[in-house]
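Both ligands and their constituent atoms are indexed starting at 1 by order of listing.
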Amino acid sequence: MTNQEIAKILREMAELYEMESVLFKPRAYEKAALGVEALDREITEIYKKNGKDELMDIPGIGQGIALHIETILKGKKFAEYERLKKKIPVNISELAAVEGVGPKMIKILYQKLKIKNLADLERAAKAGKIAKLERFGKKSEEKILKGIEFLKKSGGRRVLGFILPEIRNLEKIIQNFPEVEEAIVAGSVRRRKETIGDIDILATSKKPEKVMDRFLGLPFIEHVYAKGKTKTMVKLKNGLDADIRVVPKESYGAALNYFTGSKDHNIALREMAIKKGWKLNEYGLFRGKKQTRLPDGQVAGKTEEEIYKTLGLNYIEPEMRENTGELVAARLEKLPNLIQYTDLKGDLQTQTNWTDGEDSIEKMAEEAEKFGLEYIVITDHTKSLAMTGGADEKKLLKQMVEIDKINKKLHASHSKFQVLKGAEVNIGKDGSLDIEDKVLAKLDVVGVAVHSHFKLSRAEETRRVIKAMENPNVDIIFHLTGRIINRREPIEIDIDAIIKAAKRTGTILEIDAYPDRLDIKDDYIKKCVAAGVKMSIDSDAHSAAHFKFLEIGIAQARRGWAEKKDIINAWPLEKMLKMLK
Ligand code: DGT
Ligand code: CA
Ligand code: CA
Ligand code: ZN
């Protein structure tokens, strides 16, 4: 059993309980699924070594769920799961992937229309059957069709941030094969793209066939497309395809460079080699037109650094390899000094159980400190987001008192950690804010965001965001375009006008690190860097387990060529606060 398979069962349990309107359990199972997905070790290994007790150390897993996982791992029947599945025998994960379709709706769709999977759903919607259902109507039907369309467009690409722990786990397992010298995941994963099409694994070994055998013996594999001596292609149980290639040590750098891509970067690099009368491919960089046998005639290939250097270029970080100007910059020694993965000192957007977050302010502070941060800003939602229990002025003032208390406590225990006061204030249709200015003025950091009216015209969306920026209390625009990757399109907005207004008003634009937001996107980050508009990288955590997503936000910033100087929460706190006020 892989982590992904177990997480899938746990998530289905959450959805099944939700269909049954059982209280609390859906949330508990969802949390457990997230905990399992975030593991960078195999749960079967954890269990084998230390039994059930160790399972309970996984975030989100308590006594009850640990017992059920044990049952699953022992290959026994998980009775409650079987019982619920029998009642509603549908492909839940497939249906729930459609924007706006939740467990309760899935249940009705099955009971009334016998809809079991995506194909059934599409057929019924196109035939107008869903519009006729009570409590559904034409609007829901249209929304469902749009959701299906959107899913198809994403072409099965997966959000990297959600699946990265699992990929790292696989990478580690392959690195530990006795015959493997080096192993690394290349391709779009190494370039840290927002979404990935597949997993490209590269390894060096003197015994490639042994490596192939071991790879095919892993429990993650669903189907083998092709098995060769040095290259094997499979479909994993998580639905992703994976390729593994084994190359000799002498070619590692060249192969890594080739399979990291991007394709456009490779082609441009190869052209540079050709201009010098050389040849570049996945085996090395060669002088002379004819490729001689390895390692004869090879000038570079063992490391990537060697290849770039030989071609007269500075080393280019994988996140920049998209052929969007990085080769020229590398030749002119003008590459940016990218923000590092260890540079963040704080997090400027976090939600707590005062609204729709999972954890208390104190717990968030504790975990953030453990994570290595020096401060966090608490930014719960405000009152017009009623479904999150959004705060009004009174609640915000009360929260400020609570934060003061927590800071005192931290101080007394000699912690230097600081909790700052903030909010994620909702921007109304006309650009107005739903919290009074005199309360906003008391907050350390005021973030504002669009959470509704996603379909206004480009001019209207731009106008409302700029109006919010013009409020002198506003510091940051959170997740500017409101997109959710694979689920919701961004609002239409005039980014150049927004950047100009940000510059004029001194407003920060956020890079929201939540894996399916990554908002603003890399092109916009580049524009901000060029304009001198500062940004922040925030986790948008709704649980203390989400601080790890900051890494994905940093990757996004790096793909947008951002340096430490561009990201205000990479600066010391004092300097950051001075910039805001
Ligand atoms: P993905 O999988 O769609 O997220 O994106 P990539 O970039 O991982 O693309 P993939 O898996 O098709 O190929 C992995 C790398 O192999 C790619 O980044 C560059 C290299 N590559 C693939 N096809 C070609 C090609 O036709 N020419 C060159 N020069 N390189 C290629
Ligand atoms: Ca790939
Ligand atoms: Ca591939
Ligand atoms: Zn938000």
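- Only the side chain of D200 comes within contact range of ligand 1, with a heavy atom under 4.0 Å; no backbone atom does.
- Using a 4.0 Å cut-off between a side-chain N of Lys or Arg and a carboxylate O of Asp or Glu, E489 and K455 do not qualify as a salt bridge.
- Under 4.0 Å is where a charged nitrogen must lie from a carboxylate oxygen, and between D516 and R487 no such pair does.
- Ring-plane geometry between H546 and Y514 is classed as perpendicular, the angle between the planes exceeding 60 degrees on a 0 to 90 degree scale with a lower cut at 30.
- Of all the N, O or S atoms in D200, the one closest to the Ca ion (ligand 2) is OD2.
- The atom name of the N/O/S atom in D198 closest to the Ca ion (ligand 2) is OD1.
- Of the listed residues (S188, S262, P318), the one carrying the non-hydrogen atom nearest atom 4 (O) of ligand 1 is S188.
- Atoms of ligand 1 found under 4.0 Å from any heavy atom of R191 (numbered from 1 in listed order, with element): 7 (O), 18 (O).
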Do any side-chain atoms of residues 162-169 form donor-acceptor pairs under 3.5 angstrom with protein atoms, and if so which ones, sequence neighbours left out?
residue : atom : partner : partner atom : Å
E166    : OE2  : N238    : ND2          : 2.8
R168    : NH1  : E551    : OE1          : 3.3
R168    : NH2  : E551    : OE2          : 2.5
N169    : ND2  : E42     : OE2          : 2.3

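- Among residue pairs with one or both ends in residues 199-251, those qualifying as ring pair (Phe, Tyr, Trp, His ring centres under 6.0 Å) are H223-Y225; sequence neighbours excluded.
- Using a 4.0 Å cut-off between charged side-chain N and carboxylate O, E222 and K235 make no salt bridge.
- Counting atoms of ligand 1 from 1 in the listed order, those under 4.0 Å from a heavy atom of T260 are 18 (O).
- Those atoms of ligand 1 that come under 4.0 Å of a heavy atom in R270, given as number and element, are 28 (C), 29 (N).
- Note on ligand 1: K263 sits in its first shell, one or more heavy atoms being nearer than 4.0 Å.
- Ion pairing between a basic and an acidic side chain is recognised when a charged N comes within 4.0 Å of a carboxylate O; R321 and E326 show no such pairing.
- Near R157, the atoms of ligand 1 lying under 4.0 angstrom from a non-hydrogen atom of the residue are 1 (P), 3 (O), 4 (O).
- Of the heavy atoms in D243, none comes closer than 4.0 Å to ligand 1.
- Geometric assessment of R245 against the ring of F259 yields a positive cation-pi assignment under the 6.0 Å and 45° thresholds.
- Those atoms of ligand 1 that come under 4.0 Å of a heavy atom in F259, given as number and element, are 14 (C), 15 (C), 16 (O).
- Distances from atom 18 (O) of ligand 1 to the heavy atoms of A268, G187, G261 show the closest one on G261.
- Atoms of ligand 1 lying under 4.0 Å from any heavy atom of D198, numbered from 1 in the order shown and given with element: 2 (O), 11 (O).
- The contact set between ligand 1 and I196, taken as ligand atoms under 4.0 Å from a residue heavy atom, comprises 4 (O).
- In summary, the side chains of T324 and K526 do present a donor paired with an acceptor at a separation below 3.5 Å, with no hydrogens or angles considered.
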